[in-house]
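Since the model is a prediction, treat every value here as computed from it, not as a measurement.
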Amino acid sequence: MPSASFSSSRSYVRRSRRKGGHRIPLPSRTQSSEPCESVPCPNNVTGSAMAATACAGPSGSGGGGSPPVPAAAPATTAGHHSPYDLRRKSPPAYHEPGPSGTCSLPARKRPRTSLSQGVDVCNVSQYLQYELPDEVLLCILSHLTERDLCRVAQVCKRFNTIANDTELWKSLYQSVFEFDTPLLHPAPCQFEFVAPDDCEADNPWKESFRQLYYGIHVRPNYRPKKDSRMKHFNTIRAALEYVEERSGGSTAASNTSTCACSPAACTCRRASTSAPARPALVFVHAGLYQEECLAIDSDVQLVGCAPGNVAESVVLEREAESTLTFAEGANRAYAGHMTLKFSPDATSTMQHHKHYCLEVSDNCSPTVDHCIIRSASVVGAAVCVSGAGANPVIKHCDISDCENVGLYVTDYAQGAYQDNEISRNALAGIWVKNFANPIMRRNHIHHGRDVGIFTFENGLGYFEANDIHNNRIAGFEVKAGANPTVVHCEIHHGQTGGIYVHESGLGQFIDNKIHSNNFAGVWITSNSNPTIRRNEIYNGHQGGVYIFGEGRGLIEHNNIYGNALAGIQIRTNSDPIVRHNKIHHGQHGGIYVHEKGQGLIEENEVYANTLAGVWITTGSTPVLRRNRIHSGKQVGVYFYDNGHGKLEDNDIFNHLYSGVQIRTGSNPVIRGNKIWGGQNGGVLVYNGGLGLLEQNEIFDNAMAGVWIKTDSNPTLKRNKIFDGRDGGICIFNGGKGILEENDIFRNAQAGVLISTQSHPVLRRNRIFDGLAAGVEITNNATATLEHNQIFNNRFGGLCLASGVSPLVRGNKIFSNQDAVEKAVGGGQCLYKISSYTSFPMHDFYRCQTCNTTDRNAICVNCIKTCHSGHDVEFIRHDRFFCDCGAGTLSNQCQLQGEPTQDTDTLYDSAAPMESHTLMVN
C-alpha cells in the first residue's frame, strides 16, 4: 500500500502478489514530513478488528470460496458538508461453500465468535467494511491521530469517505492548531485565514492541516497525543535551537548525499539541490513569553496559534533589548499573528534607547503580518528598520499607543509596509530618514500626538493610498532634502496642517485628497521645492496652499476650493510656479501674493471666490499669464499697498466689482489682457495707484472701462477700450495719467471724461463712434490733448464745461454728429436724446419757482417752454440730463411725453465701488 496523502486527489493501491504471502504495500518513493507515511501491514493478523482493517482481504493465493474483500478504493472527494451517505452498504451476494470449506454465509447470518475462540478475518473485515454504522465509525475515528486517519482512508471507499469528514478534521485541526478558521499556507511566508465556505479545497480543515503539518509547536506544559509525531516545546528559544540543529543536519546531509544512478539514466526524484529549502515553521501558542530575547538570522516562520483573536492571545514582551530582531540571513523569515511589546522599567538603569519592540537590520527581508506592536519606551521607536539591504514586508499590523515613534525606517533601508493601523503614537506615526526608500500602501495613520508621517534628512519613499488624519501637527511633513512620492492618499483633519514641506524639502504629491485641515492644506517654506500635482485641496479651515519664507514648488493641475482663506497664498520672497489649477469658491480670495511674494502664475482658472480672485500687495512681484479669472464676488485682480508684478494675456471677466483694481503705490504691468463684463468697471486705479496698461482689450463693462481717480497716475498705451455700458475712460478727483495711442470707441458715455481737478495727458488716441461725446472736460479739470483723432461721436467731439481751459495741440476733431446742438436748435428737451443713462453737455438752469435743488438741472428749451415766467437762474455749461423731461419736478414737461420715474440727476458718472478687502481683512 503506498503512502497515504493529505491531497484530495485520487490515489490508487498498488498490489504486489507473492505466492503464499500477504499483500505488502510498496515503500514510499520520497521521504515526507506529512502525517501519512507508509506503514507495512504485519504478516500475521491478530489483535483488534481495527488492526485487521489495515490488511483487509485474503492473500493472493488463498482459497476461492469466500467473497473477496474490496481493496483500498480510490479516494473520493469530500465536500464541505458531511461527505458520506449514512446508508448501510448491502451485504455481498450469497455463495455456496467452496472446496476449501471456508465460510460463505451472508454477513448477517454468521454466528458470532469471540477472540478467544479464534477470529475469522473474512467475517471481521466484512463487518467493519459493510455493517458497522457510520456514526460508530466516526466516533472511533475521532480518537485517531492525523496519520492514522490517513491510513484508514486507504482501506476502502467507505472508510475513505468517512475518514475525510469535514467535522472530523475540524475537531482534530482545532485540537492541534486551535484556530477558529482554517489558516492556509500556500507559499513560504504566506498565511491567510479563509472561511470554510470561501475555500476552494473540498475539506478546508484537512487542507490547512496538510499545509501546516510540517511545523513545530511552542506550547508550554502541553502533553501531545501518544502517537503524535509533531514536536512540542515549552519555550520559543528551545524551538529555534531545534530548528537550527535540524537545518544544520539537513544541510550537511544534502551536501554529502550522492545519487547511485548513472549520470545518463538518473531516475531519482530527489529535489534539486538548487531549490531553496522550505523555511522552518514554528507555532507559538497562547501565552505570555517574557524572558526570551529573540534574534532571528535564518529562514524561520513564527506564527501565533490560539482560538479567537490570535494576536491578542500570543504575547512576546521584553523590558530590555529588542523584543524581536531580524538580522542578516533572515531572508524568508516570518512573524505573524502575535503581540510584540517593549516595556522598559522606568526605574531601570539598563540602557534601552537603541532597542525597539521590533528591529529589522541589514540584509534581511522578513515578513511581519497581523501583529500588534506596542512600545512604552519614551525614546526610540516601536519598529525600527535600518541598514542597506533591510527589506521587510510589514502588513496588517497594529502599531499604536506607543510612547515614541511608531515606525522608523532609516539608513538606506527599504521594505513594503501596507494595510497597517498606525495611531495614537506620542511622536510621529512614521519616520523616514537618511536615504531610506520604503513603499507604504493603504496604511491608516491617525490621531498621532505629533506628525503623521515625517520624512527628513534625505529620506525617500513611495506612499500610496494611505489614510492620514487627525494628527496633532501636519499629516505629512517633509524636511531637509527629503524627497518622498505621495500618491492617492487622503490627508485630512490635521490639527495643524495637511502637508508641511520645509528646510529644503522636496517631494511629489500627486492625486491626493487634502481637506478639512485646521490650517493650510499644504505649507511650503524655507527653500523647499516640492511638486503638488492633481490634488484636491478643499475645505481647509484656513488656506489651501501656503508658500512662505522663500518657498518654491510646482503647483499644477490641482482643484483648490472651499477654503476659509486664500486658495493659494504666496509671501516673503517665495517664488513658486502655479499653473493649470482650478481655484474657486473660496470663502476668502483665490490667490494672495504679499510681503514681497513672487511666482509664475499661469493658465489657472480662478473663479467664484468671495473676495478678490488674485491679491497682490506689499512689494510682491508675481507674473500672471494666460489665466481665466472670473465670476468673483468682488475684484478680479487687486493690486494694493505697493503691489507690483505682471499681468499678461489673462481673461478677466464677470466680477461684481472691477476686473482689476490698482491702489496705494502699486505699479503693475498689465499687458495683453481681456478685461470685460465687470459690474463696476474694467480697471480702477485710485488712491495713488500707478501701473502700465498696454495692448489690453477692455470692453462690455457695466461702468467705465478704466477709472483713474484720487492722485493716481497710470500709463495707458495701445489699449482697445470699447462697448462699455458707461464711459470709456473716466478720470476724476485729481486723477492724472498718460493715455497714448489707445482706441476708444462705441462706449455709452463719453469716450474720455475728465472731471474734478484732474489733469491727464492724451496723445495720439483715436476716440470714435461714441454714443455720447468724444472727450468731456468738466468741474475745474484740465488736460493736455495732443494729436488725437476724435470723430463720429454722437454728442460732439470735444465738449468743455464752463471754466475749463485744456491745452489742445494738433488734434483732429471731425465728423461728429453734434446731436445736442441739433436737439436744442429743434426745440426738443435734451432728456429726449439722453434719458437718464447719458449726460449731454450744454447750458443748464434751475427753477426757484419749482423748488429745484442743487441736484436738479433743466435744459434751455424746458426753461423757455415749461418754466416760462418762472424764477429761473443759469448755472453753467456742463454735462447733465434734464429733470424736467425726466418728470422729477412738480410740473409736467410740455416737450416730453409720459414722464419716467428717474429721481436722480448726477453731473458725473456714478463713483466706482472700491474693494472692501481691507475692511474684511
Side-chain angles (χ1 to χ4, degrees), residues 704-708 721 724 726-733 735 737 739 742 744-763 765-826 828-845 857-861 874-882 885 905-910:
V706 178
W707 294 89
I708 302 172
I721 304 169
D726 199 279
I729 299 175
C730 183
I731 307 169
F732 62 106
N733 290 351
L739 283 63
N742 301 284
I744 305 167
F745 58 97
R746 290 202 307 264
N747 296 287
Q749 296 286 345
V752 178
L753 171 64
I754 304 168
S755 178
T756 52
Q757 285 100 28
S758 298
H759 189 171
V761 176
L762 283 72
R763 294 192 185 103
N765 301 284
R766 296 201 314 159
I767 306 167
F768 60 97
D769 291 346
L771 302 181
V775 177
E776 292 183 350
I777 306 176
T778 182
N779 285 356
N780 299 313
T782 185
T784 298
L785 283 73
E786 298 178 339
H787 306 292
N788 300 284
Q789 296 184 43
I790 307 171
F791 59 95
N792 201 32
N793 297 286
R794 186 182 178 209
F795 289 172
L798 177 60
C799 299
L800 304 177
S802 299
V804 171
S805 299
L807 177 60
V808 179
R809 183 184 303 121
N811 300 285
K812 292 183 179 180
I813 304 173
F814 59 95
S815 301
N816 295 287
Q817 299 176 21
D818 296 325
V820 176
E821 294 298 333
K822 291 178 181 178
V824 171
Q828 292 180 329
C829 174
L830 293 185
Y831 186 80
K832 188 169 185 178
I833 65 170
S834 69
S835 72
Y836 61 91
T837 60
S838 62
F839 303 85
M841 184 173 286
H842 205 268
D843 296 339
F844 72 89
Y845 299 79
I858 303 172
C859 71
V860 63
N861 287 336
F874 172 75
I875 303 300
R876 65 180 179 270
H877 186 85
D878 213 332
R879 60 195 309 268
F880 71 102
F881 71 75
C882 181
T905 300
L906 297 178
Y907 306 133
D908 293 319
S909 295

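- Checked against Pro806 for a side chain to side chain contact (heavy atoms under 4.5 Å, CB included), the options Val775, Ile754, Leu800, Leu762 give a single hit: Leu800.
- Atom-to-atom distance recorded for Asn792:CG and Arg746:CZ is 11.5 Å, nearest 0.5 angstrom.
- Counting only heavy atoms from C-beta outward, the side chains of Leu739 and Ile731 approach each other to under 4.5 Å.
- Atom SG in Cys829 sits 9.5 Å away from atom CD1 in Ile858 (nearest 0.5 Å).
- A donor-acceptor contact shorter than 3.5 Å links the side chain of Asn811 to the backbone of Asn788.
- A heavy-atom distance below 4.5 Å is not found between the side chains of Met841 and Ile777.
- Between Phe874 and Tyr845, the ring center distance clears the sub-6.0 Å criterion.
- Taking the side chain as every heavy atom from C-beta outward, Val820 and Arg794 never approach each other to under 4.5 Å.
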As a quick check of understanding, evaluate side-chain contact (heavy atoms from CB on, under 4.5 Å) for His759 and Thr784, giving each step before the final call. CA-CA 7 Å; His759 189 171; Thr784 298; 3.6 Å; yes

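- Distance CG/Asn816 to CG/Asp769: 10.0 Å, rounded to 0.5 Å.
- Taken from CG in Leu785 to CG in Leu798, the straight-line distance is 6.0 Å, to the nearest 0.5 Å.
- Residues Gly797 and Ile813 approach most closely at CA-CG2, 3.8 Å, considering heavy atoms.
- For Gln757, the side-chain contact (heavy atoms from CB on, under 4.5 Å) test picks out Asn780, with sequence neighbours left out.
- The heavy-atom pair separating Ile744 from Gly728 by the smallest distance is CG2-CA, 4.2 Å.
- Residues meeting the side-chain hydrogen bond (donor to acceptor under 3.5 Å, both in side chains) test with Glu786, sequence neighbours left out: Arg763, Arg809.
- In this structure, Phe839 and Phe881 have tilted ring planes: the angle between them lies in the 30° to 60° band.
- Phe745 contributes atom CZ, which lies 5.0 Å from atom CZ of Phe768 (distance to the nearest 0.5 angstrom).
- Between Arg879 and Leu753 the shortest side-chain heavy-atom distance falls below 4.5 Å.
- Residue Arg766 holds its CZ atom at 11.5 Å from CG of Asn742, rounded to the nearest 0.5 Å.
- Here the side chain of Ser834 pairs a donor or acceptor atom with the backbone of Leu830 at under 3.5 angstrom.
- With Asn793 contributing its side chain and Ile767 its backbone, the two residues share a donor-acceptor pair below 3.5 Å.
- Remark: side-chain polar atoms of Asn861 are paired, donor with acceptor, to backbone N or O of Gln828 under 3.5 angstrom.
- No side-chain donor-acceptor contact under 3.5 Å links Asp878 to the backbone of Thr778.
- In terms of modelled atom types and a separation under 3.5 Å, the side chain of Ser758 and the main chain of Gly735 share a donor-acceptor contact.
- Contact record, Ala819 with Phe795: CB-CD2, 4.1 Å, taken as the closest heavy-atom pair.
- When all heavy atoms of Gly724 and Asn747 are compared, the pair lying nearest together is N-OD1, 2.9 Å.
- Looking at heavy atoms from C-beta onward, Arg876 lies in side-chain contact with Phe844 at the 4.5 angstrom threshold.
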